[in-house]
2 protein chains.
Amino acid sequence: MAKIKPGKNATKKDLIIEKAAALFRIRGFNAASMRELAEAVGVEAPSLYNHIGSKSELLQAICFKIADEFTSHLERVENTRSGNVVKIENIIRFHICMMLDEFDEVFVANHEWKHLKEPYLSNFLNQRRSYEKRFVALIEAGIKTKELKNINPYVAVLTILSAVRGLEFWQRHKKNLGPQVLQDDMVTHLLKGMIK
Amino acid sequence: MAKIKPGKNATKKDLIIEKAAALFRIRGFNAASMRELAEAVGVEAPSLYNHIGSKSELLQAICFKIADEFTSHLERVENTRSGNVVKIENIIRFHICMMLDEFDEVFVANHEWKHLKEPYLSNFLNQRRSYEKRFVALIEAGIKTKELKNINPYVAVLTILSAVRGLEFWQRHKKNLGPQVLQDDMVTHLLKGMIK
DNA sequence: TAAAAAAACTAATATCCGTTAGTTTTACAG
DNA sequence: CTGTAAAACTAACGGATATTAGTTTTTTTA
């Protein structure tokens, strides 16, 4: 069969990772087979190994690409001079955008990380914990400056991150509601509540 | 080896399902092997088949047990004469309790349902969709009676259900915060927001 | 206590999976 | 064109998995 060229600026490895993200999301990491992945790429299974080292390497690439994007965005926000509420709103909106723009990858990072092998598993969890702690610190700062209610900051972070993650169920209703309305509504709900 | 008796009122099948829920949660449905499950039960793998039909039957039992509990609770709430906000708060608190009391089962129902086989997969998804629609109706009613802001009810349900689901990450912080505080904080956050 | 039923065990099978080995084809540099 | 390297292919292996078959042990029943 003819060699298949990937898009201009992307390597074939990138194409494989992209297809892997979609497949891992739909079938789950363990249920997804390298033969299925090969078919999606348009190649026989062993040919994949000319470009990648192993199946778990694919999972690592996906998880850490996403983790790094979130981490570096948080760093950018921290170095801003805005108020804490603005910072928090910024983070919420970024999560929503990531969920909509890089759906497969974010989904896999959220759901399949447990199948990472050591030491990647520990690295990933440490990076997550660090992210959450820095988010908590932001909320604590907002409480100190009286911008926020005297809530438990851990519960708030938990609530926000989980709510935003729920956008993975969004696809169903995509037709009825634009992403901008969605973003605004969710930000309002999480910041100001739903009671009049 | 001697026959192992389950707890007084539970059949051996119930014991197997219970152990399966814990195992499926930790390892994932596909990664969890029947040999591992057998070891947890204290038996050789083929012996399991004296009590169950197949591995997927276990997943079905777990998923539908949880789905039915949520559905019947919703029905109870619907038949109540309380205000809509009280009903919504009731549902949120029930979700939190389920998450804390039947952690393994709820986790598996939330994460592993995609490995259900037809027609169970379709049944499960239909039951979920129905639940969400009835929840949406409750919020729409609250908007109509001016109890709630004029938010998009789909976004609200999405936000609430996802936030509550996030309690699966709770175990980490259990030591620092009691479940009652958690419940109250989360209900407040979801109903009234975090801004002062 | 003897017969019947339930539930354990051992052994084995068929299937699928990730991956390797070895070979052939394609693409590109000179 | 020609030679070289990259990337495709076919064939196959070793290991794990769910499950079945057949047998033996344990428990219950009468």
Side-chain angles (χ1 to χ4, degrees), chain A residues 1-21 23-24 26-63 108 112 114-118 120-121, chain B residues 1-21 23-24 26-63 108 112 114-118 120-121:
Chain A
M1 191 184 286
K3 208 189 276 189
I4 293 174
K5 272 290 183 76
K8 309 169 190 181
N9 290 337
T11 70
K12 184 116 195 196
K13 183 169 181 174
D14 291 332
L15 174 67
I16 293 175
I17 292 173
E18 183 189 321
K19 296 288 187 186
L23 187 65
F24 292 173
I26 294 170
R27 307 264 284 121
F29 177 74
N30 273 284
S33 78
M34 294 303 277
R35 287 169 174 84
E36 279 177 295
L37 176 57
E39 193 182 353
V41 175
V43 106
E44 293 297 320
S47 304
L48 296 172
Y49 289 85
N50 284 323
H51 305 276
I52 64 164
S54 68
K55 189 183 181 186
S56 18
E57 186 190 291
L58 291 172
L59 185 61
Q60 290 157 29
I62 295 166
C63 289
V108 169
E112 308 293 332
K114 72 166 68 165
H115 300 111
L116 286 169
K117 292 184 179 163
E118 292 294 357
Y120 302 98
L121 178 58
Chain B
M1 192 182 287
K3 208 189 275 188
I4 293 175
K5 271 290 184 74
K8 313 167 188 182
N9 289 336
T11 70
K12 184 118 196 193
K13 183 169 181 174
D14 292 332
L15 174 68
I16 294 174
I17 292 174
E18 183 189 321
K19 296 289 187 184
L23 188 65
F24 291 172
I26 294 170
R27 308 262 285 120
F29 176 73
N30 274 283
S33 78
M34 294 303 274
R35 287 168 175 82
E36 279 177 296
L37 176 58
E39 193 183 351
V41 174
V43 107
E44 293 298 319
S47 303
L48 296 172
Y49 290 85
N50 284 323
H51 306 275
I52 64 165
S54 67
K55 188 183 180 185
S56 18
E57 186 190 291
L58 291 172
L59 185 60
Q60 290 157 28
I62 294 165
C63 289
V108 169
E112 308 293 334
K114 71 166 67 165
H115 300 111
L116 286 170
K117 293 183 179 164
E118 292 293 359
Y120 302 98
L121 178 58

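Per chain, numbering begins at 1; letters A, B, ... match sequence-line order. All values derive from a computational prediction rather than experimental measurement.
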Please tabulate, for the side chains in residues 35-42 of chain A, all donor-acceptor contacts under 3.5 angstrom to protein atoms that are two or more places apart in sequence or on a different chain.
unit_1	atom_1	unit_2	atom_2	d
A:E36	OE1	A:R27	NE	3.4
A:E36	OE1	A:R27	NH2	3.3
A:E36	OE1	A:S33	N	3.0
A:E36	OE2	A:R27	NE	2.7
A:E36	OE2	A:R27	NH2	3.3

Review item, side-chain donor-acceptor pairs of residues 45-54 of chain A, under 3.5 Å, at least two apart:
unit_1	atom_1	unit_2	atom_2	d
A:S47	OG	A:E44	O	3.4
A:S54	OG	A:E57	N	3.3

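Side-chain N/O atoms of B:K12 include one lying less than 4.0 angstrom from OP1 or OP2 on C:dA8. Look at B:S47 and you won't find any side-chain N or O under 4.0 angstrom from OP1 or OP2 of C:dA7. Residue A:H51 places at least one side-chain N or O closer than 4.0 Å to OP1 or OP2 of D:dA8.
Atom P of nucleotide C:dC17 and atom CD of A:E39 are separated by 12 Å, given to the nearest angstrom. The separation between A:L58 atom CG and C:dC17 atom C1' is 15 Å, rounded to whole Å. Per the geometry, CG belonging to A:L15 stands 16 Å off C1' belonging to D:dA6, to the nearest Å. Straight-line distance from the CG atom of B:L23 to the C1' atom of D:dA18: 14 Å, rounded to whole Å. Distance, A:Y49 OH to D:dC9 P: 15 Å, rounded to whole Å.
Remark: B:E18 CD to B:I62 CD1 distance equals 10.5 Å, nearest 0.5 Å. The NZ atom of B:K114 lies 8.5 Å from the CD1 atom of A:I26; values are rounded to the nearest 0.5 Å. Atom OH in A:Y120 sits 12.5 Å away from atom SG in A:C63 (nearest 0.5 Å). Rounded to the nearest 0.5 angstrom, A:D14 CG and A:T11 OG1 are separated by 3.5 Å.
A 6.0 Å sphere centred on NZ of A:K19 holds no more than 12 heavy atoms belonging to other residues, nucleotides or ligands.
Scored by the ring-ring contact (aromatic ring centres under 6.0 Å, His included) test, B:F29 finds B:F24, B:H115 as partners (sequence neighbours excluded). In this view, B:L121 and B:W113, B:L116, B:E118, B:L125 satisfy the side chain to side chain contact (heavy atoms under 4.5 Å, CB included) rule, not counting sequence neighbours.
The terminal axes of the helix from C:dT1-D:dA30 to C:dA27-D:dT4, fitted over 5 pairs per end, subtend an angle of 20° to the nearest 10°.
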Produce a footprint string for nucleotides 11-17 of chain D: one letter per nucleotide, 5' end first; B if the base is under 4.0 Å from any protein heavy atom, S if only the sugar-phosphate is, - if neither. BB----B

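Both B:L48 and A:I52 lie near DNA chain C, and the one whose nearest nucleotide falls closer to the 5' end is B:L48.
Scanning atom types as modelled, no donor and acceptor separated by under 3.5 angstrom connect the side chain of A:N50 and the base of D:dA6.
Residue A:V43 has its side chain nearest to D:dA8 when only D:dA8, D:dA18, C:dT19 are considered.
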